Amino acid sequence: MYTSISDARLHDGQVISIAGWIYNSRSSGKLAFLIVRDGSAVMQCVVSKAEVTEEEFAIAKEITQESSLTVTGTVHADERAPGGYELIVQSLKLIQKAIDYPISPKEHGPDFLLDHRHLWMRSKRQHAILRVRHQTIRAMRNYFDSRGYIGFDSPMFTPNAVEGTTTLFGVEYFGSKVFLTQSGQLYGEAGAMAFGKVYVFGPVFRAEKSKTRKHLTEFWMLEPEVAFIDLDQNMDLIEDFLTEVVGQVLESAKEELKILERDVTSLERVQKPFPRITYDEAAKRLVGKTEFKYGDDFGAPDEEAVATQFDRPILIHRWPHEIKAFYMKRDEVNPALAKGVDCIAPDGYGEIVGGGERETSLEELEKRIAEHGLPKQPFEWYLDLRRYGSVPHSGFGLGLERTVSWLCGLQHVRETIPFPRMMYRVEP
């Protein structure tokens with residue numbers, strides 16, 4: 001049985017065996033130093049010519065990057081070693097020698113690295129990013145699981161649009177046409193009517209012809225939906241959720257954030273309450289700062305210009321209804337506004353959460369579907385939620401990759417998902 005490198009510190013002075021791959025190596029005279037990784041951590045293995053066979057020492061001197069092997073030796077505490085411990089090798093066995101591993105310590109361009117994404121993710125930096133992703137998912141699920149929410153799965157094939165017909169991927173489906181889902185929200189609403197509070201978490205697809213650093217065509221979305229809460233309570237949920245998730249990631253991914261050289265000062269300021277401003281108030285703050293025109297949705301420059309005026313995420317609510325989805329409830333005081341909310345992250349990372357209160361009236365929802373030029377028939381099941389026990393309800397959607405990009409301080413979301421899908425890339 002092999003010991004995980006991350007657990008090696010528990011066996012100081014003991015003989016253990018590890019299995020992994022060569023991350024780096026060097027030799028000097030009668031010593032060889034192998035940095036071995038096993039996915040959990042890295043460990044320096046010190047091979048002395050006097051302690052192993054001639055064949056084993058030859059392997060240690062000639063071994064190449066990413067060759068696989070097993071090593072047996074005594075764990076020894078050493079502050080200078082990665083992780084504070086090293087392995088004094090007694091024996092080693094080569095499993096497979098890697099020849100001409102394509103990713104070397106030299107500088108590689110982003111296209112080359114994306115072409116070799118299946119190998120690139122073995123690097124220290126990519127390891128750190130994907131571990132932060134894991135810890136973020138863990139924190140998000142923990143938040144809802146510990147509060148009585150039900151994880152609720154939505155279908156990937158849908159007969160209708162959710163966020164607008166221009167960003168749909170059409171798919172042939174046994175002689176008819178369906179679409180890859182843009183969001184699990186509508187199905188989440190059905191779940192909320194059955195269970196009270198649910199969350200949908202899974203991949204979604206947007207056929208936006210965008211090449212910005214914030215866009216993927218396939219990404220993961222977390223979408224809680226809750227019965228009997230309004231817009232203000234929904235904003236309470238957003239800020240409580242984000243505060244806890246960021247706090248958990250700061251605690252559980254300390255080492256990874258250090259590897260990424262992330263200045264966590266702004267993340268430590270993610271504390272309740274978040275500033276809450278209306279769309280109208282945000283529009284006033286943009287005067288003279290961007291080319292924004294009242295009535296438009298916010299672009300990246302607009303989001304950044306508003307965000308820089310605060311020291312933590314902000315909640316912008318009550319938007320012109322024309323730029324929000326058909327299911328968004330109109331404001332009772334000013335029906336020209338929809339009861340939607342966007343959460344804008346600091347540091348230029350833009351919108352990470354979009355949500356709002358849902359329309360509860362059957363008649364109003366039928367009217368909105370017609371106004372948006374959507375066919376009614378595919379939404380009949382959704383309209384049933386208003387026919388049979390309609391109640392106030394709200395929810396939001398959080399883009400995982402944008403959130404991880406913000407937490408890690410990255411320039412592009414393509415590094416936050418194992419295999420990114422973008423307008424110009426579907427491989428590997």
Side-chain angles (χ1 to χ4, degrees), residues 160-167 182-190 192-193 200 204 206 208 221 223-239 274-286 292-300 302-303 306-307 313-344 350-374 376 379 382-383 385-386 390-399:
N160 50 273
V162 178
E163 298 292 343
T165 58
T166 60
T167 61
Q182 301 162 309
S183 165
Q185 182 214 306
L186 303 189
Y187 296 96
E189 290 186 52
M193 298 305 107
V200 177
V204 295
R206 302 284 174 89
E208 292 180 85
M221 183 96 83
E223 300 173 284
E225 200 70 31
V226 188
F228 303 106
I229 70 169
D230 61 17
L231 175 62
D232 290 331
Q233 293 167 312
N234 194 37
M235 289 193 282
D236 292 342
L237 176 62
I238 292 169
E239 69 177 12
F274 292 177
R276 300 183 185 187
I277 62 175
T278 65
Y279 173 92
D280 285 0
E281 291 169 331
K284 291 175 184 176
R285 289 175 176 269
L286 289 173
F292 171 78
K293 293 180 181 178
Y294 187 89
D296 290 347
D297 200 354
F298 286 177
D302 307 316
E303 292 173 341
V306 174
I314 60 171
L315 297 166
I316 303 176
H317 59 95
R318 290 176 170 82
W319 295 67
H321 72 81
E322 295 90 350
I323 56 177
K324 288 300 179 183
F326 73 92
Y327 50 73
M328 203 75 76
K329 187 174 181 62
R330 298 286 179 89
D331 183 69
E332 294 86 353
V333 177
N334 183 357
L337 303 177
K339 297 179 78 172
V341 58
D342 285 359
C343 182
I344 310 300
E351 178 196 338
I352 55 170
V353 171
E357 189 172 342
R358 318 310 187 190
E359 179 56 66
T360 56
S361 164
L362 173 63
E363 293 74 19
E364 287 297 317
L365 198 54
E366 288 176 325
K367 189 187 301 183
R368 304 288 172 252
I369 289 172
E371 287 175 354
H372 281 75
L374 299 170
K376 184 181 176 183
F379 290 98
Y382 182 65
L383 293 170
L385 304 178
R386 276 65 177 176
S390 183
V391 300
H393 61 289
S394 304
F396 65 83
L398 173 140

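FYI, side chains are in, hydrogens and waters are out, and symmetry mates aren't considered; it's all heavy atoms of this structure. Residues: numbered from 1 along the sequence shown. The shown structure was predicted, so the numbers you read here are calculated from the model rather than taken from an experiment.
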> What distance separates F379 CZ from L365 CG, expressed to the nearest 0.5 Å?
Replying inline: 9.0 Å
>> If I compare all heavy atoms of F396 with all of R358, which pair ends up nearest, and what's the gap?
In response: N-NH2, 3.6 Å
> Salt bridge check: are E189 and R386 linked by an N-O gap of less than 4.0 Å?
Replying inline: yes
> Between Q182 and T167, do the side chains contain an N or O donor and an N or O acceptor separated by less than 3.5 Å?
Replying inline: yes
> Got a salt bridge between K324 and D342, using NZ or NE/NH1/NH2 to carboxylate O under 4.0 Å?
Replying inline: yes
>> Let me confirm one number: the CD1-OH distance from I369 to Y327, rounded to the nearest 0.5 Å.
In response: 12.5 Å
>> Regarding E371 and R368, does a basic nitrogen lie under 4.0 Å from an acidic carboxylate oxygen?
In response: yes
>> Go through it in stages, so that I can follow the logic: the residues are L383 and K376, the test is side-chain contact (heavy atoms from CB on, under 4.5 Å), and I'd like the CA-CA distance, side-chain angles, deciding distance and then a yes or no.
In response: CA-CA 9 Å; L383 293 170; K376 184 181 176 183; 3.8 Å; yes
> Can you name the ring pair (Phe, Tyr, Trp, His ring centres under 6.0 Å) partners of F274, sequence neighbours left out?
Replying inline: none
>> I need the minimum non-hydrogen distance between A338 and M328, along with the two atoms involved.
In response: CB-CG, 3.7 Å
> Would you call M193 and V391 a side-chain contact if the rule is heavy atoms closer than 4.5 Å?
Replying inline: yes
> Quick one: which of H321, E359, E364 gives a side chain to side chain donor-acceptor pair (under 3.5 Å) with R330?
Replying inline: H321
> After noting the C-alpha distance and the side-chain angles of R318 and K339, does the key distance pass the side-chain contact (heavy atoms from CB on, under 4.5 Å) rule?
Replying inline: CA-CA 5 Å; R318 290 176 170 82; K339 297 179 78 172; 4.1 Å; yes
> Which is it for T278 and L337 under the side-chain contact (heavy atoms from CB on, under 4.5 Å) test, yes or no, and what are the steps along the way?
Replying inline: CA-CA 10 Å; T278 65; L337 303 177; over 6 Å; no
> Which distance, rounded to the nearest 0.5 Å, do you find between the OH of Y294 and the CG of L286?
Replying inline: 12.0 Å
> What residues form a side chain to side chain contact (heavy atoms under 4.5 Å, CB included) with A307, not counting sequence neighbours?
Replying inline: I344
>> Main chain of S390, side chain of T360: is a donor-acceptor contact present, judged purely on distance under 3.5 Å?
In response: no
> Do you know the tightest heavy-atom contact between S183 and Q185?
Replying inline: OG-N, 3.0 Å
> Rounded to the nearest 0.5 Å, how far apart are CG of L237 and CG of D232?
Replying inline: 12.5 Å
> How many angstroms lie between atom NE2 of H317 and atom CG of D280, to the nearest 0.5 angstrom?
Replying inline: 10.0 Å
> Counting only N and O atoms by type, is there a donor-acceptor contact under 3.5 Å from the side chain of N234 to the main-chain atoms of G395?
Replying inline: yes
> Do NZ/NE/NH1/NH2 and the carboxylate oxygens of K293 and D302 come within less than 4.0 Å?
Replying inline: no
>> Can you give me the closest heavy-atom contact between A227 and A192, atom names plus distance?
In response: CB-O, 3.9 Å
>> Give me the atom names and distance for the closest heavy-atom approach of C343 to L315.
In response: CB-CD2, 3.7 Å
> Rounded to the nearest 0.5 Å, how far apart are CG of D297 and CH2 of W319?
Replying inline: 5.5 Å
>> Once you measure the plane-to-plane angle for Y279 and F292, does it fall in the parallel (<30°), tilted (30-60°) or perpendicular (>60°) bin?
In response: perpendicular
